[in-house]
Amino acid sequence: MPLRPALAAVLLAVGATAAPAEQPVEQVIDREIDAALAAAAVEPAPPADDAALVRRLTLDLVGRIPTLPEVERYVGSSDPGKRAELVDRLMAAPGYARHQATQFEALLNPDGRRGGGVRDYLVGAVADNRGWDRVFRDLLLPDHADPPVKGAADFLRPRLADPDKLTTDVSVAFFGVNVSCAQCHDHPHVKDWTQAHFYGLKAFLSRTYEAGGAVAERGAGVVKYKPTKGPERTARMMFLAGGPLDDPSARELTKDEEKAEKAAAEEAKKTKTAPPRPAVSARAKLVEVALRDGNADFLARAIVNRLWHQFFGLGLVTPLDQMHAENPPSHPELLTWLAKDVAAHGYDLKRLVRGIVLSKAYSRASRYATEAAPDPKLFAVARLKPLTPMQLATSLKVAGTDPAEWEKGKGDFEKRVEQAEGAARGFAALLAQPADNFQVGVGEALLFSNGERVTKEFLTDGGGSLVARAAAKDPAEAVGLLVRVAYGRPPTADETRALAEYVAKRSDRKVEAYRQVLWALVTGPEFRFTH
Amino acid sequence: MSTFCGAADHAVSRRAFLGAAAAGAAVAADMTGLDILGSPALAGELKKGQKRVILLWLAGGASQLETWDPKPGASTGGPFAAIPTDVPGLHISELMPEMAKRMKTTCVIRGLNTKNGDHGAAAKIMMRGRRDEAGLRYPDLGAVVAREMGRADSPVPDYVTFYTQTEGRGMAPGDAGFLGARYAPMELTTSPTPENIRRPAGLSDDDHLARADLRDLLGKDFARGRSSDALASQGEAYGRVRGLMASDSLFDISKEPQKVRDRYGPTQFGRQCLQARRLVEAGVPFVRVARAWWDSHGQNFETHQEMVPDLDRVMAALIDDLGDRGLRDDVLVLTLAEFGRTPAINASLGRDHFASAWSMTMTGCGAKGGAVYGKTDAKGNTVTHEEVNAANLFATIYAALGINPHKNYYVGSRPVPLVDPGAEPVAAVLS
C-alpha cells in the first residue's frame with residue numbers, strides 16, 4: 001500500500017509521547033475488520049475511487065460536498081500521501097469544528113431542540129480538540145464564570161424541570177445506555193440494570209435546579225422510588241457499574257439550610273452569577289465516579305461507538321443506546337481496543353477520527369458487485385448515509401455556485417464556505433435529522449419539487465451561479481460541468497446524451513433548462529446520500 | 001437473540017408487503033389530471049376494507065354537559081335542557097337536535113377519566129393515548145394509522161390535519177414521534193391546500209414532469225448494486241409527488257355538488273369536514289379537523305350555544321354523507337378533545353379544565369351505534385360506572401380499526417406496544 005511511508009511519518013509525529021509499541025489506529029481497525037471478513041469468507045468491496053473518496057471525506061469531515069477545484073486537485077494529484085494530506089487539511093479547517101459541533105449537538109439533543117449556547121461551546125471545544133472527558137465534565141459541571149465554557153450550561157438547563165428525562169439523556173448521551181426501561185421496572189432483558197440503577201443515577205442529578213438562569217445545586221437531597229414489589233425505597237447514588245456509594249448527604253435539607261439556599265439563589269439572581277457549588281456536589285461526584293478506572297469504559301466505549309456510527313453509518317454496537325452485556329458489539333476486540341486507545345490518549349477524538357477515515361474499511365466503494373449485499377455488520381461495503389440537514393443544505397449551496405467563485409481572492413475560501421453554511425441554515429431547519437432506520441418523507445420530496453425556496457436560495461441564475469456559468473457554454477460542455485460540480489465526477493456517455501438532449505429541447509429557455517438539469521442532479525440519490 | 005425481536009425483520013416484511021401492493025395496483029407514474037374520486041378501480045380497491053379515520057378535535061376542551069352528558073336540573077347542569085334521541089333512554093343536550101336523530105349511528109363514552117387538565121400535556125395524551133416518557137416520543141394516532149393503513153405508493157397523503165385557529169394549535173401538533181418524518185402529517189393551517197402541493201410558478205407542467213423523469217434516470221444507475229431502505233424511501237417519496245399534486249383537487253370543495261355543500265353548511269368547520277370526507281373517500285387513512293377554541297373559562301354557555309350547533313349540524317351531515325356513500329363501515333368518526341369541562345360553574349359563568357369525568361364519541365367502522373358506555377354521578381363530578389382511561393380508549397379505537405392494540409413497534413431493540421401494557425379495548429362499544 002503506497003500510503004504507508006507518508007502515514008508512518010505523520011503518525012510518528014503525532015505519537016511522539018506515546019509508548020513505542022503502539023499501533024496506528026487505522027491498522028488496528030483494518031486488522032480486526034479484515035479478520036472478521038475472512039472468518040465469514042466475505043470478499044469486501046474494492047476501494048472507492050478518488051472522486052468518491054474526496055466527496056465522502058469532505059462530507060464527513062467538514063459537512064459539505066467538495067468544490068470542483070477541490071475534487072480536481074485531489075483526483076489530479078499523483079502524490080502517494082494525498083489522502084492523509086487531505087484528511088489533515090480538512091480536520092484543521094474551521095469547518096471541521098463547525099460540522100463536528102453540529103454532530104455533537106445532535107448527539108446531545110436528539111429530539112432536535114435548539115441547544116442554546118451548547119453549540120458555541122462545542123465549536124470551541126472541537127477547535128481546541130478538548131478531550132471528550134473534558135467535554136463531559138464541562139457539560140455536567142458548567143462553569144458560569146469561564147466564558148468559553150459558559151454555553152455548556154445550556155445542556156443541563158432546559159432539562160432541569162424533568163430529572164427523569166435528565167437522567168435518561170445523560171446516560172444515553174455519555175454512557176450509551178438507555179436506562180429509562182428501569183424507571184418503572186427492572187430491565188426485562190438486561191440483568192445488570194435494575195431500578196436501583198436508574199434511581200441511583202438520578203440521585204446524582206436530582207439536586208440540580210435552576211436559579212436565576214444559572215445551574216445550581218443543593219447540598220443534600222433524597223430520591224425515592226416505588227419498586228414493582230414492596231415498599232417505597234430511598235435511592236442511593238450508584239453508577240452503572242459498581243455498587244451504591246456511601247452518601248451522608250442523602251437526607252432532606254434542614255429548615256436553616258433551605259433558607260440559606262434560597263438566600264443564595266436570590267443573591268445569585270441579583271448579581272447575575274451562579275450560586276456557589278455546595279460542599280458536597282452530587283453532580284461532581286457523578287463526574288468523578290464516571291471517570292474512575294473501570295467505570296470510564298462507559299464514556300470511552302460510547303463515544304467510540306458514536307463516532308464509528310457517524311463515519312460508517314452503523315455502530316459497532318447498535319442501537320447506540322443499548323451498549324450492554326446482552327447486546328454485544330459486532331467486533332468486540334476492536335471496540336475494546338479503540339476505547340482503551342482513546343482513553344490512553346486523553347480522549348483525543350481527532351486521533352480516533354483520523355484513524356477511522358484513514359482505514360481501508362472506511363474507504364471501500366459503496367457498491368457491491370453481487371445482488372445480495374453482505375451483512376452490514378461486516379463493513380464489507382461502504383454504507384449509504386443520508387445527509388444531515390446542514391450537510392444537504394450547505395452542499396446545495398456549493399452545487400449552485402459557479403466553481404470559479406471558489407478560486408477568487410486567495411485566503412477567502414474559508415470565509416466563503418462559512419457564508420454558504422450561514423445561508424443554508426434556514427433551509428436546513430425544514431429538513432429532518434436522520435435517525436436509525438431513516439426514511440425520506442413526502443414532505444421533503446414536495447419541498448424540493450414545488451417549494452420556491454429551492455429555486456430562490458440554491459438554484460439561482462445570477463452572477464456567480466453555476467446555472468449562469470453553464471448557460472454561457474455549449475450544451476455538451478455545460479451539462480458536463482453540472483454533473484462534475486454536483487457529483488464530483490464526469491458524466492457517463494449516456495448521461496451526457498440524455499442531459500444535452502434535455503437542454504436542446506428547451507433552447508427557447510436555456511437558463512431554465514440548465515436549472516432543471518441541476519435540480520434533477522441535486523434531488524437524485526447520488527446527491528442525497530454520502531456514498 | 002432475545003433482545004432483538006428484530007425491528008429490521010418487521011421493516012423488511014412490511015416493505016415486502018408494500019412492494020407487493022404497489023405491483024398489484026400498478027399506479028401510473030403520473031397521477032396528475034387523474035380524478036382519483038372518479039376512478040372505479042381505486043374506489044373498488046379501497047372498498048375492500050381499508051379503514052380510515054376522521055378525528056373531530058374539539059380543541060380547548062368542549063363541555064360534556066353541553067353535548068353528550070347533560071345534567072339538566074342539577075346545580076351543575078347549566079341552562080340547557082336534555083332531549084331524547086332515536087336511541088330509547090339516551091338523552092343529549094338540546095343544542096344537538098341533529099345528532100339526537102342519529103344516535104343510532106354513534107356510541108358515546110361517558111366515563112373518560114384521563115387525569116390531566118393541562119392543555120399541552122393533555123392534548124399530547126389524548127393524541128397519543130399515553131403520556132410521553134423521557135427519551136421516547138410516541139407517535140400520535142394519526143401517525144400510527146398512517147403507518148398501519150397507508151401504502152408506500154399511495155397517490156394521496158397518509159395523514160392530513162386541519163387546524164386553522166391559532167388558539168392551542170402549537171399545543172396539539174400532529175407528531176409522528178419515533179416513527180419519523182415518513183409519517184409526519186401534512187398540516188393545513190391558514191391555507192385551504194397543503195404546502196408545496198402546487199407546481200411552482202414559472203415551471204410548465206411538461207417541464208415539471210420531464211425534470212422528474214430526468215431525476216429518475218440519473219438515480220437508476222446509482223441504485224444498481226446499492227441496497228438501502230433509506231435509498232428506496234427517497235425513490236418512493238419522489239414517486240408520490242405527482243399523485244399528491246393531483247390530490248390538490250381533493251381539497252377543492254367547489255367540485256362538490258351545491259346540494260352536498262349546503263348540507264355541510266357555510267362555516268369553516270363544515271367546509272373542512274367536507275374536505276375531510278373527500279380525502280378519506282380517496283383513501284387518505286387519517287384526517288384530523290380541529291375546531292378551536294372551546295376553552296370557556298368565562299361565558300361557557302354563550303360559547304357552547306354558538307359552537308355546539310355548528311358541531312351538531314356538521315357532524316350529522318358528515319355521518320349522513322358517509323352513509324350515503326357506503327363508507328360508514330370503513331370510516332371511523334371520532335369526537336375528542338384534550339379534556340372536558342368542570343361541572344362546577346365558576347364566577348365568570350365559565351367551566352374550567354376537567355379530565356376526571358368527560359365524554360367522547362365514535363361513529364362507524366367497528367363502533368357500536370347507539371351504545372352508551374360509562375356513567376357519571378348526578379352532578380357529573382365523577383365516573384360511577386365503566387370508567388375509561390386514555391389507554392383503554394386508544395385500545396378501543398385501534399380494535400375498531402382492526403389493528404391489534406398490543407402489537408409492538410421497535411425502537412432500537414425495545415418493544416413498544418401501541419397502547420400501554422394491560423390496557424384492553426372496551427368490548428361493549430365494538431360491534
Side-chain angles (χ1 to χ4, degrees), chain A residues 111 162 164-169 172 178 180-181 183 189-190 318-322 326-327 366-369 373 383-384 386 432 434-447 449-452 455 492 494-495 498-499 502 506 512 516-517 519-521 523-526 528-529 531, chain B residues 1-4 7-8 11 133-137 157-158 176 178 180-184 186 194-203 207-208 210-215 217-219 221-241 244-245 411-414:
Chain A
D111 50 10
D162 187 346
D164 289 330
K165 179 153 174 59
L166 172 63
T167 303
T168 302
D169 285 356
V172 168
N178 190 334
S180 66
C181 278
Q183 191 175 338
H189 302 305
V190 187
T318 187
L320 296 172
D321 64 351
Q322 299 290 328
E326 322 277 323
N327 185 24
S366 60
R367 176 170 274 160
Y368 203 70
R383 198 172 164 85
L384 299 186
D436 275 349
N437 308 319
F438 174 73
Q439 302 217 316
V440 175
V442 289
E444 178 180 313
L446 284 170
L447 172 67
S449 296
N450 298 330
E452 304 255 309
T455 308
T492 64
D494 283 350
E495 284 170 343
L499 298 179
Y502 189 94
R506 291 163 180 80
E512 188 48 38
Q516 290 169 23
V517 168
W519 179 91
L521 288 164
T523 54
E526 190 165 347
R528 184 65 183 82
F529 294 89
H531 52 83
Chain B
M1 199 164 65
S2 68
T3 44
F4 282 118
E133 80 175 71
L136 195 59
R137 259 174 57 225
D158 294 322
F178 63 68
R182 169 70 183 77
Y183 299 101
M186 193 175 254
E195 241 186 334
N196 301 325
I197 202 165
R198 295 209 170 123
R199 185 157 44 82
L203 186 66
D207 278 0
H208 192 274
R211 191 180 74 160
D213 287 346
L214 197 60
R215 178 199 171 275
L217 182 82
L218 289 164
D221 188 55
F222 181 78
R224 193 172 44 81
R226 293 183 170 106
S227 67
S228 133
D229 278 355
L231 176 66
S233 75
Q234 196 209 14
E236 281 164 9
Y238 278 89
R240 289 182 63 192
V241 164
L244 290 167
M245 289 171 69
V411 179
S413 59
R414 177 179 163 186

Item to complete: Could you tell me the separation between the CZ atom of B:Arg226 and the CZ atom of A:Phe529, rounded to the nearest 0.5 Å?
Response: 11.0 Å
Worksheet entry | Expected output: side-chain B:Arg224 to main-chain A:Arg367 donor-acceptor under 3.5 Å | no
Practice prompt. Determine the option with the most heavy-atom pairs under 4.5 angstrom with chain B, choosing from A:Val517, A:Thr492, A:Asn450.
Written response: A:Asn450
Discussion item. Need one label for B:Arg198: side chain, backbone, both or neither, based on atoms under 4.5 Å from any heavy atom in chain A.
Written reply: backbone
Response to the item:
Turns out that what part of B:Leu231 lies under 4.5 Å from chain A's heavy atoms comes down to both
Fill in: Region of B:Ala210 in contact with chain A, defined by heavy-atom distances below 4.5 Å
both
Worksheet item: Between A:Trp519 and B:Arg211, which heavy-atom pair has the shortest distance, and what is it?
Response: CE3-CG, 3.1 Å
Worksheet item: Hey, does B:Asp221 have a side-chain heavy atom less than 4.5 Å from the side chain of A:Glu526?
Response: no
Fill in: Side chain, backbone, both or neither of A:Ala435 within contact of chain B (heavy atoms, under 4.5 Å)
neither
Fill in: Contact origin within A:Val442 toward chain B - heavy atom pairs under 4.5 Å
both
Response to the item:
CD1 of B:Ile197 to CG of A:Leu446, rounded to nearest 0.5 Å, is 6.5 Å
Item to complete: Measure the CG-CG distance between B:Leu218 and A:Asp494 for me, rounded to the nearest 0.5 Å.
Response: 11.0 Å
Worksheet item: In Å and rounded to the nearest 0.5 Å, what is the CZ to OG distance from A:Arg383 to B:Ser227?
Response: 9.0 Å
Worksheet, complete the sentence: Looking only at A:Ser449, A:Gly451, A:Ala369, the option with the highest number of non-hydrogen pairs under 4.5 Å against chain B is A:Ser449
Worksheet entry | Interchain contact, A:Leu521 with chain B, by part (heavy-atom threshold 4.5 Å) | both
Worksheet, complete the sentence: ring-ring contact (aromatic ring centres under 6.0 Å, His included) filter on B:Phe222, not counting sequence neighbours, yields A:His531
Discussion item. Tell me the closest heavy-atom pair linking B:Ala181 and A:Ala432, and the distance in Å.
Written reply: CB-CB, 3.8 Å
Worksheet, complete the sentence: CG (B:Leu203) and OG1 (A:Thr455) are apart, to the nearest 0.5 Å, by 8.0 Å
Worksheet item: What's the shortest heavy-atom distance between B:Ser233 and A:Gln439, and which atoms?
Response: OG-CA, 3.3 Å
Fill in: CG on B:Asp207 to CZ on A:Arg506, rounded to 0.5 Å
4.5 Å
Response to the item:
Whatever's closer than 4.5 Å to a heavy atom in chain B on A:Leu447 counts as both
Discussion item. Among residues at least two apart in sequence or on other chains, which ones pass side-chain hydrogen bond (donor to acceptor under 3.5 Å, both in side chains) with A:Tyr502?
Written reply: A:Gln516
Worksheet item: In this structure, are over 12 heavy atoms from other groups packed under 6.0 Å from B:Glu195 atom CD?
Response: no
Worksheet item: Between the side chain of B:Arg215 and the main-chain N/O of A:Thr523, is any donor-acceptor distance below 3.5 Å?
Response: yes
Worksheet item: Side chain, backbone, both or neither: which part of A:Glu495 has a non-hydrogen atom closer than 4.5 Å to chain B?
Response: side chain
